[in-house]
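For reference, the structure discussed in these notes is given below.
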Amino acid sequence: MALMPGVTRRLIPRNFTRGGQTAVHGVLLHIMEGTLDGTDSWFRNPDSQASSHFGVGRDGRVFQWVDTDDRSWHASGANSTWLSIEHEGRGGDSLPPPQLAATARVIRWMHETEGVKLQLADTPAERGIGWHGMGGSGWGSHPDCPGNPIKRQRPAIIAAARGTTEETDMELTDAVKLPAWGPASWPKDVGLQDGKISVNTALGSTYGHAQRSAENSAQLVRDVQDLRAAVADRGAGRARASGLMTTPEPSGSVAVELAQLRGELGAGLAEIKGSLGVLVERTARTDADLKQLRADTEGSARGLQHEIDELKRARWPLAQIGSLLAVGALIVSVVALFTSN
Ligand SMILES: [Zn+2]
């Protein structure tokens with residue numbers, strides 16, 4: 001089963017062959033000669049005997065009508081080996097920027113999910129991004145589907161598909177919203193004292209590592225957002241240009257930037273992993289240190305108690321002191337007796 005996430009699922013109950021997609025040579029672009037909603041209705045009609053895997057509106061809305069495991073009925077002899085995208089509009093139209101961008105997203109997904117090659121196909125023997133009319137009579141004789149302007153936009157579509165980043169529901173900023181965890185300051189790290197690490201030092205060190213990891217994450221997200229903004233600016237400029245130009249502008253710079261972005265992301269994640277590794281190690285160390293500290297303290301306390309007991313018993317024998325005092329008093333009495341006479 002292959003359903004594209006993030007698009008409107010409008011699976012139709014008929015007019016397709018379940019499990020009939022025996023191969024994927026690429027995707028054929030079509031023009032609806034009508035609207036997205038009208039086509040949605042027509043594909044549900046038993047009389048139409050027609051369908052498409054996807055439909056893209058001029059406003060960028062995307063409908064998925066048929067699972068890509070199933071064969072849509074869009075180009076006669078090509079049905080079992082080519083996927084399909086219908087476009088809202090009339091023959092001779094070009095795709096406005098939202099429609100072009102949406103088509104690029106669908107093609108990007110087909111590339112990742114179905115192995116559609118991001119290259120031009122202009123004959124049935126080729127593989128990649130083709131068009132309905134290229135198959136001639138064997139594909140239903142639709143030489144003007146989808147029309148020259150859209151055919152010429154395919155390089156721009158491919159460039160956009162290469163540059164498309166998958167959007168997720170999660171805002172990047174949400175992932176690293178830093179809570180006010182940990183106190184504003186921490187006792188000075190004094191290192192080992194008498195061969196032992198103090199509790200404050202151990203906790204402070206752990207907290208320090210955790211905070212540094214969080215700061216690294218926040219910085220990484222800011223860098224990624226800057227890069228995404230830069231890539232989006234370029235993409236918007238390219239889409240504007242492609243609407244006006246009859247020949248595609250050279251592609252590649254966006255792809256290069258994305259490759260760099262991926263590289264930086266990889267490096268950033270490796271750094272975070274490293275910091276987390278250190279943090280985990282420090283936490284384990286802290287546990288061991290605390291255990292040792294407790295054992296030492298208990299040992300010392302037991303020793304001290306023992307010494308006190310010894311002192312009580314051996315060095316300050318109250319019975320002997322009592323008898324010594326008694327002897328002392330006797331001597332004093334005797335001396336007093338001799339000196340008084
Ligand atoms: Zn067509």
Side-chain angles (χ1 to χ4, degrees), residues 4 7-8 10-12 14-17 20-68 70-96 99-100 102-107 109-110 114 116-117 119-158 161:
M4 181 174 167
V7 304
T8 304
R10 296 280 303 164
L11 300 180
I12 53 177
R14 60 182 68 82
N15 297 327
F16 68 94
T17 308
Q21 198 66 43
T22 53
V24 176
H25 292 176
V27 57
L28 298 184
L29 306 188
H30 297 265
I31 190 79
M32 290 177 190
E33 296 294 349
T35 64
L36 182 64
D37 294 315
T39 303
D40 180 70
S41 167
W42 178 236
F43 285 167
R44 291 164 198 283
N45 187 328
D47 293 337
S48 74
Q49 295 291 296
S51 62
S52 169
H53 289 108
F54 289 89
V56 179
R58 289 177 71 78
D59 57 1
R61 281 186 299 159
V62 177
F63 285 2
Q64 182 166 9
W65 284 304
V66 178
D67 189 308
T68 52
D70 300 332
R71 179 193 305 168
S72 68
W73 298 348
H74 61 107
S76 188
N79 288 350
S80 63
T81 49
W82 291 78
L83 303 176
S84 51
I85 302 177
E86 282 282 0
H87 292 91
E88 184 173 48
R90 307 226 162 253
D93 285 350
S94 57
L95 306 178
Q99 195 173 23
L100 189 152
T103 295
R105 278 199 301 279
V106 174
I107 287 176
W109 177 81
M110 287 177 171
E114 300 290 356
V116 169
K117 288 191 164 66
Q119 63 187 28
L120 296 178
D122 284 297
T123 70
E126 293 175 273
R127 301 289 182 265
I129 316 304
W131 46 285
H132 186 181
M134 75 184 191
S137 59
W139 288 9
S141 292
H142 287 258
D144 297 326
C145 183
N148 286 330
I150 293 176
K151 278 155 63 179
R152 292 198 197 103
Q153 283 182 303
R154 285 177 299 154
I157 293 171
I158 290 171

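Ligands are counted one by one from 1 in listed order, and the atoms in each one are counted from 1 as well.
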Can a donor-acceptor pair be found, under 3.5 Å and without considering hydrogens, that links the side chain of N15 to the backbone of N45?
yes
Sorted by chain and residue number, the salt bridge (charged side-chain N to carboxylate O under 4.0 Å, His left out) partners of D144 (sequence neighbours excluded) come out as none
Quick check: of its N, O or S atoms, which one does H132 have closest to the Zn ion (ligand 1)?
ND1
Atom nearest to the Zn ion (ligand 1) - H30, N, O or S atoms considered
ND1
Counting backbone and side-chain atoms alike, is an N, O or S atom of C145 positioned under 2.8 Å from the Zn ion (ligand 1)?
yes
Under 3.5 Å, side-chain donor or acceptor atoms of residues 131-138 against the rest of the protein: list the pairs with distances, not counting sequence neighbours.
unit_1, atom_1, unit_2, atom_2, d
W131, NE1, D122, OD1, 2.8
H132, ND1, H30, ND1, 3.1
H132, NE2, W139, O, 2.9

Q99 side-chain N/O to E88 backbone N/O, donor-acceptor pair under 3.5 Å
yes
If the cut-off is 2.8 Å, does any N/O/S atom of H142 fall short of it from the Zn ion (ligand 1)?
no
